[in-house]
Amino acid sequence: VCRAGDYLSIRVRDTGVGIPAKEVVRLFDPFFQVGTGVQRNFQGTGLGLAVVQNIIEQHGGTIHADSRPGEGATFTLYLPVNEQQKEQQG
């Protein structure tokens with residue numbers, strides 16, 4: 001977590017299998033599931049990141065994903081700091 005101007009920047013990174021570029025652009029689409037070819041014991045609904053994006057946007061923020069196969073993924077969230085939220089509401 002760090003401050004980036006009027007926003008807090010929160011970065012979450014993993015070292016998993018990564019996500020192909022053509023699928024990164026769809027990560028936040030409702031019901032989208034990445035087809036990595038890796039068999040999972042549990043299949044999700046594909047709603048998690050869509051819900052996360054909606055909550056972040058409701059708070060005036062944004063979320064971005066960056067990934068490359070074999071290198072994991074990085075998700076960066078930007079949320080306005082409290083002072084900015086108070087100005088917008090006032």
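Excluded from the calculations below are hydrogen atoms, water molecules and symmetry mates; all remaining heavy atoms, backbone and side chain alike, are included.
Taking the side chain as every heavy atom from C-beta outward, Phe75 and Arg13 never approach each other to under 4.5 Å. In this structure, the side chains of Arg11 and Thr74 come closer than 4.5 Å at one or more pairs of heavy atoms. Residues Thr76 and Ile10 have side chains not in contact (no heavy-atom distance under 4.5 Å, counting atoms from C-beta outward).
Taken from CG in Asp6 to CG in Leu79, the straight-line distance is 13.0 Å, to the nearest 0.5 Å. Distance OG1/Thr15 to CD/Glu71: 11.5 Å, rounded to 0.5 Å. With rounding to the nearest 0.5 Å, the separation of CD1 in Ile19 from CZ in Arg26 is 13.0 Å.
Judged by distance alone, the side chain of Gln33 and the main-chain N or O of Gly44 form a donor-acceptor pair under 3.5 Å. Of the possible polar contacts, none joining the Ser67 side chain to the Gly18 backbone as a donor-acceptor pair under 3.5 Å is found.
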With side-chain contact (heavy atoms from CB on, under 4.5 Å) as the test, would you mind laying out the steps for Thr62 and Glu57 before giving the verdict? CA-CA 6 Å; Thr62 60; Glu57 289 176 351; 5.6 Å; no
In sequence, state the C-alpha distance, the side-chain angles, and the governing distance for Phe31 and Leu47, and then conclude on side-chain contact (heavy atoms from CB on, under 4.5 Å). CA-CA 5 Å; Phe31 303 107; Leu47 288 173; 3.7 Å; yes
Taking it one step at a time, do Phe28 and Ile63 satisfy side-chain contact (heavy atoms from CB on, under 4.5 Å)? CA-CA 9 Å; Phe28 301 102; Ile63 183 170; 3.7 Å; yes
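Looking at every heavy atom in both residues, Leu49 comes nearest to Leu27 through CB-O, 3.6 Å. Of all non-hydrogen atoms in Glu23 and Phe32, the two that sit nearest each other are O-CE2, 3.7 Å.
Connection of Ile55 to Tyr78 is not established within any shared hydrophobic cluster, with ILVMFWY side chains joined at heavy-atom distances below 4.5 Å, either directly or through further cluster members.
Not a single side-chain hydrogen bond (donor to acceptor under 3.5 Å, both in side chains) links Asp14 to another residue, sequence neighbours left out. Residues passing the side chain to side chain contact (heavy atoms under 4.5 Å, CB included) test with Val25, sequence neighbours excluded: none.
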